[in-house]
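A, B, ... follow the sequence lines: proteins, then strands. Residue 1 opens every chain.
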Protein chains: 2
Amino acid sequence: MENIPVRFESIFSADCIIFGFDEGELKILLIERNEEPFKEWFALPGNVVYQSESIDEAAERILYELTGLKGIYMEQFYTFGEVNRHPKGRVITVAYFAMIRLNGQKELKPITNYAKKAVWVSVKDLPKLAFDHSEIFKKGFEKIKNKISYQPIAFELLPEKFTLTQLQNLYEVILNKKLDKRNFRKKMLAYDILKELDEKQKGVSYRAAKLYKFDKRKYSKYFHNELSFGKE
Amino acid sequence: MENIPVRFESIFSADCIIFGFDEGELKILLIERNEEPFKEWFALPGNVVYQSESIDEAAERILYELTGLKGIYMEQFYTFGEVNRHPKGRVITVAYFAMIRLNGQKELKPITNYAKKAVWVSVKDLPKLAFDHSEIFKKGFEKIKNKISYQPIAFELLPEKFTLTQLQNLYEVILNKKLDKRNFRKKMLAYDILKELDEKQKGVSYRAAKLYKFDKRKYSKYFHNELSFGKE
DNA sequence: AATATACGGTGTATTTTTTACACTAAGTGA
DNA sequence: TCACTTAGTGTAAAAAATACACCGTATATT
């Protein structure tokens, strides 16, 4: 790579799978395209990587433009470079996933001009997506399914204070299987990465559960130990 | 990404970490650069991705030009896109690792014109590499360390017929730790992905060991079960 | 006040997996 | 035949994963 003998006209871009957890469902943020090709199709949010920014910065910018959020956990997971993945030219795209806290406030005003609107769609009933985005989604979803089993990324999707039942539900939704309540709690608490708060859930019409926080400090301390959640 | 509003002059390339196992050491194939920048430095083999080929194809081509080998196990692991990673312009590179069987025949005549020569260097004493290639190597090495623990990729580095001791040595070298012989064999054989041959090792000045083959058919059968080698 | 409802919260026994550990067997070369 | 070197083997203990069911407590209803 390191010589620049020939310059081709190629574009690179970053696409983002933005995960959110809401009403017990795992959702992603899709845009409805305003332009050909694939006009009126749903697509993953994405954009060209500018000359002056790294790919990571491009991904952050895309997320920011769409959601107004910064400092979100994002991770690059794969680069898609088939010759004909874009009908209008050679486009290589680097795919990221992000996880954001919805907290109920799902209103989003997309700034990008090529999108009609942005919507949260449950991963259980995604439509066919533009370009090869269905394939990109599939690979990214596999990645996070795998990753939550050994890294504490699930917390990024929950409110800062959450109950163990909420956490378990999230694992169950992502892994698409039931987990045993007692074993889940035993294991999760044994990792000692949660901080039990003096607070309880509010506004529920039954016994309120204790709230917990993810304790980053404790986690970093044992960072080298891989975790293993949801492996029953 | 999906509109092409502006065209930037950017290059994308593929770089390869080519692993080989030889004389009890894990090695990678480096080229010595013939041109500025980083003239006479060692670098990972890499090249521009042509307009007419996918990134995977580019990686295969790079490997082929350097080694004459085709059909080798390769995997994309990360894309590096910092703005200033190449002093002469914006170059984004998609990194792959490959694993090849050395079988003693280490002679290689590099075809690429920008390399003086290609050499096998033990991962234990790599020099500083050109560009951000040291960082790329580090990430790729982490990846395979991790990956051999749950996928049978180590076999790609061994001759087709190998002894259990050779296999264990390879694991030990990659993971950089001693494994218990009995536990290693027990576990490995329990996975039932090896085929015991009627043949024995030859040319050794001690009791010859049984030879085994990796049995792809058996492995595919249980493909969904992740393995877990080297986890003592 | 009594009762119904719904989720919160807890422990133990069993099975499976992982780990630790050391000697005899077989082939080669002198 | 003897010395040397690696091949090949089993068991016990510890740790981790799994399966499993009931009472507690806050709220809502009458």
For C:dC7, does OP1 or OP2 lie under 4.0 Å from any side-chain N or O of A:T165? no

Please determine if B:K139 forms a cation-pi arrangement with B:Y78, meaning its NZ or CZ atom is less than 6.0 Å from the six-membered ring centre and no more than 45° off the ring axis. yes

Measure OH/B:Y191 against P/C:dT16 and give the value in whole Å, please. 16 Å

Interatomic distance where CG belongs to B:L189 and P belongs to D:dA7 [whole Å]: 14 Å

Under 4.0 angstrom, heavy atoms only, what part of the nucleic acid is A:K210 near: base, sugar-phosphate, or nothing? sugar-phosphate

Between B:E142 and B:K138, is there a side-chain N and carboxylate O pair less than 4.0 Å apart? no

Nearest whole angstrom, please: distance from the P of C:dT15 to the CG of A:N183. 16 Å

Phosphate contact (C:dG9 OP1 or OP2) by A:R185 side-chain N/O below 4.0 Å: yes

Figure out the NZ/P separation between A:K178 and D:dA17, and round it to whole Å. 21 Å

Starting at atom CG of A:D180, determine the distance to atom C1' of D:dA21, rounded to an integer number of angstrom. 11 Å

If the test is ring pair (Phe, Tyr, Trp, His ring centres under 6.0 Å), which one of B:Y191, B:F214, B:Y219 qualifies with B:F155? B:F214

Mind checking if B:T163 touches a base, just sugar-phosphate, or nothing, with heavy atoms under 4.0 Å? nothing

Give the rounded distance in Å between these two atoms: CE of B:M188 and P of D:dT9. 16 Å

Roughly, in whole Å, what's the span from CD in A:Q168 to P in C:dG8? 10 Å

Mind checking side-chain hydrogen bond (donor to acceptor under 3.5 Å, both in side chains) for B:Y212 and listing every partner two or more places apart, or none if nothing turns up? none

All side-chain hydrogen bond (donor to acceptor under 3.5 Å, both in side chains) counterparts of A:E75, not counting sequence neighbours: A:Y73, A:K147

Does a salt bridge link A:R61 with A:E57, judged by any charged N lying under 4.0 Å from a carboxylate O? no

Base contacts versus sugar-phosphate-only contacts with protein, heavy atoms under 4.0 Å: please encode nucleotides 22-30 of chain C as B, S and - from 5' to 3'. B--BBBSS-

Among D:dA17, D:dG8, D:dC20, which nucleotide sits nearest the side chain of A:K187? D:dA17

Quick one: does A:Q201's side chain have a donor or acceptor within less than 3.5 Å of a partner on A:A209's backbone? yes

Output the rounded distance in Å from NZ (B:K186) to P (D:dT9). 13 Å

